[in-house]
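To start, the structure itself, in structure tokens.
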Amino acid sequence: MMVGMLAAMSTPALRSSPQATAVSRGRGDACPGTLRLHAADDGALARVRVPGGVLTVRQAEALADAAERLGDGELHLTSRGNVQLRGLDGGCAGELAGLLDAAGLLPSRGHERVRNIVASPLSGLDGRGALDVRPWLTALDAALCASEAAQALSGRFLFALDDGRGDVAGLDADVTVRATVDGGARLGLGGSGEALHVSAEEAARAALLAAETFLEAARASGAQVWRVDELALPEGELLAAVGRRLTAEGIRHERRGRETGRTDGPPPGVAGDGLCVHIPLGRLSARQWRELTHVAAGELRLTPWRGVVLPTPGTHADVSLARLAAAGLVTDPGSPWLRVGACVGRPGCAKSQADVRTDAAATLGAVDPHGLPLYWSGCERRCGHPRGDRVDVVAAPGGGYRLSTAVHGEEPRTTSMNDPARLAAALAEITS
């Protein structure tokens, strides 16, 4: 089978999906973790994987302690529901690992960078979705950490567990498992339009087997690839290989079409037995973080949209939301902050051309709450940019910004703005 795959991979024009881009990287994966820190301009950076975004209150408190003792005192949420600690001393890796290990945040040192799993954050709380994905999350994380082969996954490889509502199914994960109303699950790969239908009981194991099959195909290709859509294969070939692997493992399946997903998360407010808040630009002080732990009933769920869901009894929901709003967190579903994101920018990143977070805050009043979302990037890499329609605001090397629309099915509109006094007006015009 792999010999056939290798022959197919020699033709880059044949790809696993219309979204695929054939890539062969010339270096190893340098994605940061908690054991491998990244040197940034504001100090070392650690990325703590939080599968499904789920933290116990004790674990959340341990992260706040680490941010205060070892870093810049802030916690930074990522677009995968993970946590970054910045401003670290480069020599603190051992102490940090000890803190995280004691809190249960480092169950396997060999897998700590590959535990990238997003999950529907309101699953089991608001009565929506086909089933609660928590059992899938627990099972997949345990299986991932027990798989020797999975240690070879890139730190960028992503699993998504969708309870059927379609929220995380739209995040272009490498392996997506989406619950179906018939009690089963659809297993999809990258941007492919097809999926394999499996039982709910086998969904987590099937997801891991799909990732292991990708690794086998990548090795056979001879190309160094990190994501499913980087692997050049004829349409449907990788999915067929996964199907054969499932059959060999005794997992029944059938090929079906794949449903489309969304790219937005839960709005702030009350949602069943949960409270939803948004974190402006994904950055919290340790004090704000502890406000969240005080309101939470047992756990916090970090979302891929830089928000937090707090499972909590609804009897005092209004009081809790008022407390969180007073702490500077977004509880209003009409807030313009929901439409604004940004990379870290200056001074944290040496490649950034501007302090994009300060500029984003300064022009917040120009954001149309019903218009296109904005994403501010300090350079052309556009780290962390969201999926879906948006306006990219990219800092230019010589100063100022270039604004461009990225809307599916439409030609992009682009304008440059070098006059800071007119930036807000230009943003208002291009987003409307």
Side-chain angles (χ1 to χ4, degrees), residues 30-118 121 137 141 144-145 155 277 279-304 306-310 324 327-329 343-345 347-349 357 383-384:
C31 199
T34 56
L35 303 178
R36 178 196 290 175
L37 306 185
H38 169 73
D41 263 23
D42 57 349
L45 175 154
R47 185 173 299 156
V48 184
R49 267 61 178 194
V50 185
V54 178
L55 290 167
T56 66
V57 168
R58 175 172 169 266
Q59 289 172 333
E61 290 172 344
L63 286 172
D65 289 343
E68 288 183 316
R69 287 172 51 185
L70 306 175
D72 63 4
E74 295 187 330
L75 298 104
H76 304 255
L77 307 189
T78 77
S79 59
R80 293 181 166 192
N82 294 320
V83 175
Q84 289 188 163
L85 304 176
R86 302 188 67 97
L88 300 167
D89 184 315
C92 76
E95 183 178 0
L96 175 63
L99 288 172
L100 299 180
D101 195 15
L105 289 166
L106 196 57
S108 170
R109 292 178 175 247
H111 297 81
E112 62 97 11
R113 293 191 311 129
V114 305
R115 299 171 67 225
N116 291 305
I117 309 172
V118 294
L137 176 60
D141 189 36
L144 188 63
C145 289
V277 297
I279 313 303
L281 303 180
R283 183 171 59 184
L284 302 105
S285 67
R287 180 186 64 82
Q288 289 174 315
W289 184 263
R290 288 196 171 94
E291 286 294 324
L292 291 169
T293 65
H294 292 157
V295 170
E299 70 178 31
L300 296 78
R301 301 184 184 183
L302 313 181
T303 80
R306 294 182 173 88
V308 181
V309 172
L310 305 171
L324 296 174
L329 307 179
C343 70
V344 69
C349 177
R357 293 189 174 196
C383 296

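Note that the numbering runs from 1 along the sequence shown for the chain.
Residues satisfying the salt bridge (charged side-chain N to carboxylate O under 4.0 Å, His left out) criterion with Arg306, sequence neighbours excluded, are absent altogether. Taking Arg47 as the reference, Gln84 meet the side chain to side chain donor-acceptor pair (under 3.5 Å) condition, with sequence neighbours excluded. Glu291 is linked by a side chain to side chain donor-acceptor pair (under 3.5 Å) to Arg323, counting only residues two or more places apart in sequence or in another chain. Under the side-chain contact (heavy atoms from CB on, under 4.5 Å) criterion, Pro51 pairs with Arg115, Ile117, Leu137, Asp141, not counting sequence neighbours. Applying the side chain to side chain donor-acceptor pair (under 3.5 Å) criterion to Arg80, with sequence neighbours excluded, gives no partner residue. For Glu74, the side-chain contact (heavy atoms from CB on, under 4.5 Å) partners two or more places apart in sequence, or in a different chain, are Asp72, His76, Arg283. In this view, Pro347 satisfies the side-chain contact (heavy atoms from CB on, under 4.5 Å) rule with no residue, not counting sequence neighbours. Looking at residues two or more places apart in sequence or on another chain, you find a side chain to side chain donor-acceptor pair (under 3.5 Å) between Glu68 and Arg290. Under the salt bridge (charged side-chain N to carboxylate O under 4.0 Å, His left out) criterion, Arg49 pairs with no residue at all, not counting sequence neighbours.
A 4.5 Å side-chain heavy-atom check between Leu85 and Leu45 finds every atom pair outside the cut-off. Put simply, the side chain of Thr293 does not reach to within 4.5 Å of the side chain of Leu55, judged on heavy atoms. For the pair Leu302 and Ile279, the minimum side-chain heavy-atom distance is 4.5 Å or more.
When all heavy atoms are compared, the tightest approach of Thr78 to Val83 is CG2-N, 4.5 Å. Taking both residues in full, the closest heavy atoms of Ala46 and Leu37 are given as CB-CD2, 3.6 Å, listed atom of the first, atom of the second, then distance. Residues Cys383 and Cys343 come closest through the heavy atom pair O-CB, 3.8 Å. The shortest non-hydrogen separation linking Asn116 to Arg113 is ND2-O, 3.1 Å. Closest heavy-atom contact between Leu300 and Ala60: CD1-CB, 3.8 Å. Nearest heavy atoms, Glu299 versus Val54: OE1-CG1, 3.7 Å.
Evaluated for a side chain to side chain contact (heavy atoms under 4.5 Å, CB included) with Glu112, the options Leu105, Val48, Leu106 yield exactly one hit, Leu106.
Counting only residues at least two apart or in different chains, salt bridge (Lys or Arg N to Asp or Glu O under 4.0 Å) contacts with residues 30-46 comprise Asp42-Arg86.
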Residues Leu329, Val308; criterion side-chain contact (heavy atoms from CB on, under 4.5 Å); working and verdict:
CA-CA 10 Å; Leu329 307 179; Val308 181; over 6 Å; no

Report, one line per pair, each donor and acceptor closer than 3.5 Å where one atom sits in a side chain of residues 88-104; sequence neighbours left out.
{"residue": "Asp89", "atom": "OD1", "partner": "Gly91", "partner atom": "N", "Å": "2.8"}
{"residue": "Glu95", "atom": "OE2", "partner": "Arg69", "partner atom": "NH2", "Å": "2.9"}

